[in-house]
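The structure appears below as structure tokens.
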Amino acid sequence: MPRTDEAKAFFHAVYSAIQEVPHGKVTSYGHIARLIGTPQRPRQVGVCLKHLSSDTSQTFHNGNVPWQRVINSKGIISPRGYPSGAANQAQALRGEGVTVTTGNLGELMVDFAEYGWFPRQLPSEEAAGIAPLIDSDDEG
DNA sequence: ACGCTGACCCTAC
DNA sequence: TGTAGGGCCAGCG
């Protein structure tokens, strides 16, 4: 749980943004950071997910925030800690139809070309007519 | 209050 | 193609 109001706002922004990632799609920590206007803080996005609670009485919890749809920029499910919650994340993704492959070193990978979700801005903002935070030309 | 850690990412050799 | 280093900053000792 974040202490300062600023951190709280950041956590809220992160969780809200992640909730907009469509079922069966994946995006990256860095992209979430950019979508919410803090492109230099992909790390803190990870912090937010780490602190995601299973307590359903909380506004945000692992039941209403699709944490499994956030992976790193290389398309790999970030390994962390013991046995790797990554394996669990892979299962959650497979459960929604995402193909997760295993590399030679045991990395759990997802094909961005197939499942990647990288909009210029959050769908909710687009619907509200808010100007995009990310200005881009192409992106293939 | 201080220092280290870490679900990351980009730029340089 | 692969390795190193810097930036980021909330948690936790």
Side-chain angles (χ1 to χ4, degrees):
Chain A
M1 206 77 178
R3 342 293 214 70
T4 70
D5 287 340
E6 196 177 325
K8 241 161 104 176
F10 181 79
F11 271 60
H12 186 102
V14 168
Y15 293 145
S16 296
I18 294 176
Q19 286 182 323
E20 299 198 38
V21 181
H23 182 277
K25 293 289 183 179
V26 296
T27 191
S28 70
Y29 299 92
H31 195 74
I32 292 295
R34 279 179 286 183
L35 285 175
I36 64 177
T38 55
Q40 313 119 292
R41 299 171 61 184
R43 256 199 133 116
Q44 275 53 251
V45 173
V47 170
C48 293
L49 290 177
K50 179 178 186 177
H51 285 268
L52 200 52
S53 147
S54 57
D55 182 357
T56 57
S57 71
Q58 298 292 312
T59 303
F60 297 107
H61 51 84
N62 59 20
N64 65 9
V65 177
W67 54 272
Q68 72 274 23
R69 297 174 199 157
V70 185
I71 63 182
N72 70 30
S73 67
K74 297 187 293 250
I76 296 172
I77 297 175
S78 297
R80 63 270 189 185
Y82 153 76
S84 167
N88 183 41
Q89 185 171 354
Q91 274 311 99
L93 285 173
R94 291 193 178 104
E96 50 186 72
V98 175
T99 298
V100 181
T101 59
T102 304
N104 294 333
L105 305 175
E107 334 88 271
L108 297 168
M109 313 176 290
V110 175
D111 182 10
F112 278 148
E114 179 82 25
Y115 304 103
W117 183 79
F118 299 98
R120 281 166 58 257
Q121 68 183 315
L122 292 170
S124 62
E125 293 180 336
E126 184 175 22
I130 298 173
L133 290 169
I134 300 176
D135 46 310
S136 62
D137 309 62
D138 62 341
E139 203 64 58

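Order of the sequence lines sets the chain letters (A, B, ...), proteins ahead of strands, with each chain counted from 1.
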Going from NZ on K74(A) to CD on E107(A), what distance comes out if it is rounded to the nearest 0.5 angstrom? 10.0 Å
Would you mind listing the cluster partners of M109(A)? Hydrophobic ones only (ILVMFWY), side-chain contacts under 4.5 Å, chaining allowed. I76(A)
Just how far is it from atom CG of L108(A) to atom CZ of R94(A), taken to the nearest 0.5 Å? 6.5 Å
Contact state string [nucleotides 6-13 of chain B, B base, S sugar-phosphate only, - no protein heavy atom under 4.0 Å]: BBBS----
Under the 3.5 angstrom rule, does the side chain of D55(A) hit a backbone N or O of H61(A) as a donor-acceptor pair? no
So, E114(A) versus T99(A): side-chain donor-acceptor pair below 3.5 Å or not? no
Please tell me if the side chains of Q89(A) and I71(A) come closer than 4.5 Å, counting only heavy atoms from C-beta onward. yes
Euclidean distance, atom NZ of residue K8(A) to atom C1' of dG11(C) [Å, nearest integer]: 17 Å
Between the side chain of E126(A) and the main-chain N/O of Q121(A), is any donor-acceptor distance below 3.5 Å? no
Do the ring centers of F11(A) and F60(A) come within less than 6.0 Å of each other? no
Taking dA7(B) as the reference, what is the distance to dT3(C) when you measure between their C1' atoms (whole Å, please)? 22 Å
Heavy-atom contacts under 4.0 Å between residues 102-116 of chain A and DNA chain B, which residues? none
